[in-house]
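Reminder, nothing fancy here: chain letters follow the sequence lines and each chain counts from 1.
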Amino acid sequence: MILDSKFDKRIITGSLAFFLICFLPDKAQAMHISEGILPASWAGFWFVLSIPFIIWGLADIKKRAAMNPGFKAMTAMVGAAIFIISCMPIPVPTAGTCSHPCGTGLGAILIGPGPTIVVASIGLLLQALFLAHGGLTTFGADVMSMGVGGALSGYLIFKLFRKMGLSFFIAAFAAGLISDWVTYSITSLELACALHGDVAFWDMFLAIIIAFIPTQIPLGIIEGFLSAGAFGFIKSRRPELLGLNIEGVC
Amino acid sequence: MNKKMKQTALVIFSLCVAAVFMALLMTKDTQWSGVDETVVEKFAEEAGREARDPYINTDQGDILLFVFLLAGVAGGFVLGYYYRDVFTDKRVLEL
């Protein structure tokens with residue numbers, strides 16, 4: 001292990017600088033639930049629900065960094081990537097709207113779901129604080145949809161597809177695609193829980209998810225290609241980095 | 001990445017850029033609002049809840065552009081340096 005603590009500090013500093021680059025001159029627009037939309041009870045519920053996942057992720061980072069100091073550097077890089085990807089609005093011509101991919105599916109297959117939840121939470125917090133993107137009161141809900149939902153679904157799909165004998169490319173594509181769709185499905189669930197009022201919950205949930213479909217179907221496919229492309233790039237350039245989380249790559 | 005892969009990637013990228021520009025030209029009147037506006041805030045307003053301004057609102061005048069400029073100069077340099085370390089300098093990471 002040649003990696004030293006000085007290098008770790010430099011990587012973390014570099015990642016923070018990378019975050020700063022993303023003071024984009026316009027608001028990114030997407031699944032993040034804006035400040036004030038959720039009632040206090042639901043905002044608190046999602047926040048409390050997200051805490052165990054963040055603690056689990058922190059413990060996982062600590063454990064794996066103790067075994068391999070290089071893991072911290074990789075985690076910082078993935079954190080920077082998730083931050084960038086999740087505030088990158090992409091126009092979807094078929095719907096005439098903009099939305100963003102999440103990057104948590106890709107993150108989960110590179111460093112695991114727990115650490116991905118932690119770095120996604122950091123990204124969401126910075127976006128809520130400085131980019132007018134998401135909100136502090138809706139932080140827990142956004143962590144549950146993009147962090148927890150995206151990371152766990154992406155990781156499980158990747159593992160499942162690999163067990164079925166499918167190629168790395170297809171598994172990474174599916175991880176990106178499904179994690180994007182799961183993220184927006186959970187956002188729909190959160191909104192339906194909080195806003196259904198006198199309307200039946202499932203009617204509200206279906207109405208919201210149907211409204212997301214024209215934008216998110218093409219965007220999910222883009223996120224699939226993004227994940228597969230990034231995975232392929234790292235696999236060709238530095239396959240040993242993938243060995244941090246995936247068996248059988250090197 | 002070999003030469004053939006680079007050429008293929010370049011062609012795919014060029015086609016994607018061309019497709020996006022064509023789509024933008026063909027849909028000049030479209031507002032390109034985000035789904036937070038067209039979906040999340042729409043349903044919230046119908047349910048009687050409206051989004052409020054963020055606690056720290058950096059989206060004022062050219063402040064965001066100024067911060068972006070400063071951070072871009074510093075961050076671009078640092079990011080390029082560490083990208084080299086992680087992806088090309090194999091002596092640094094022995095995993």
Side-chain angles (χ1 to χ4, degrees), chain A residues 1-3 7 10-11 13-14 17-21 23-25 27-39 68 70 73-74 77 80 89 91 93 96-99 128-132 135-136 187 191 195-197 204 207-208 211-212 215-216 233-234 236-238 240-241 243-244, chain B residues 1-2 5 9 19-20 22-24 26-27 29-44 46-59 62 64-72 74-79 81-83 85-88 90-95:
Chain A
M1 308 288 174
I2 296 173
L3 199 76
F7 179 75
R10 288 190 307 181
I11 282 292
T13 309
F18 201 178
F19 290 155
L20 288 173
I21 291 176
F23 277 85
L24 300 174
K27 288 184 193 176
Q29 297 147 335
M31 52 52 66
H32 297 52
I33 301 174
S34 306
E35 200 79 80
I37 283 185
L38 295 183
N68 187 341
M74 188 65 178
M77 288 292 288
T97 54
C98 288
S99 188
L129 281 172
F130 304 117
L131 295 177
L136 293 178
T187 302
L191 289 169
L195 305 174
H196 72 90
M204 186 70 160
I208 296 171
F212 272 131
T215 308
Q216 289 315 126
F233 174 78
I234 298 172
S236 67
R237 188 66 69 91
R238 295 293 302 274
E240 68 272 26
L241 291 175
L244 290 167
Chain B
M1 196 183 281
N2 61 35
M5 278 178 74
V20 168
M22 286 292 287
L24 291 173
M26 289 164 67
T27 52
D29 297 331
T30 306
Q31 294 296 313
W32 301 106
S33 306
V35 289
D36 57 343
E37 208 176 293
T38 58
V39 179
V40 178
E41 289 176 17
K42 175 176 163 276
F43 279 95
E46 284 172 6
R49 295 197 66 86
E50 288 195 18
R52 47 158 292 174
D53 282 340
Y55 290 105
I56 302 171
N57 193 357
T58 50
D59 192 15
D62 280 352
L64 212 50
L65 283 172
F66 178 67
V67 179
F68 182 70
L69 172 69
L70 291 180
F77 174 80
V78 177
L79 182 71
Y81 187 82
Y82 291 117
Y83 175 88
D85 273 358
V86 172
F87 285 106
T88 61
K90 296 190 178 184
R91 289 170 304 167
V92 178
L93 283 171
E94 189 181 270
L95 300 170

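Among the candidates A:Leu38, A:Ile208, A:Leu136, the residue making the largest number of heavy-atom pairs closer than 4.5 Å to chain B is A:Ile208.
Here A:Ile234 contributes atom CD1 and A:Met74 contributes atom CE; the two are 4.5 Å apart, rounded to the nearest 0.5 Å.
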**Request:** Go through the steps to decide whether A:Thr97 and A:Phe212 satisfy the test side chain to side chain contact (heavy atoms under 4.5 Å, CB included), and finish with yes or no.
**Result:** CA-CA 10 Å; A:Thr97 54; A:Phe212 272 131; over 6 Å; no

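Looking at A:Leu191, only its side chain comes within 4.5 Å of chain B, counting heavy atoms on both sides. Contact annotation for B:Glu41: both backbone and side-chain heavy atoms come within less than 4.5 Å of a heavy atom of chain A.
Judged as a salt bridge (Lys or Arg N to Asp or Glu O under 4.0 Å), and not counting sequence neighbours, B:Glu50 has no contacts.
Distance alone, capped at 3.5 Å, is enough to place a donor-acceptor pair between the B:Arg49 side chain and the A:Ile37 backbone.
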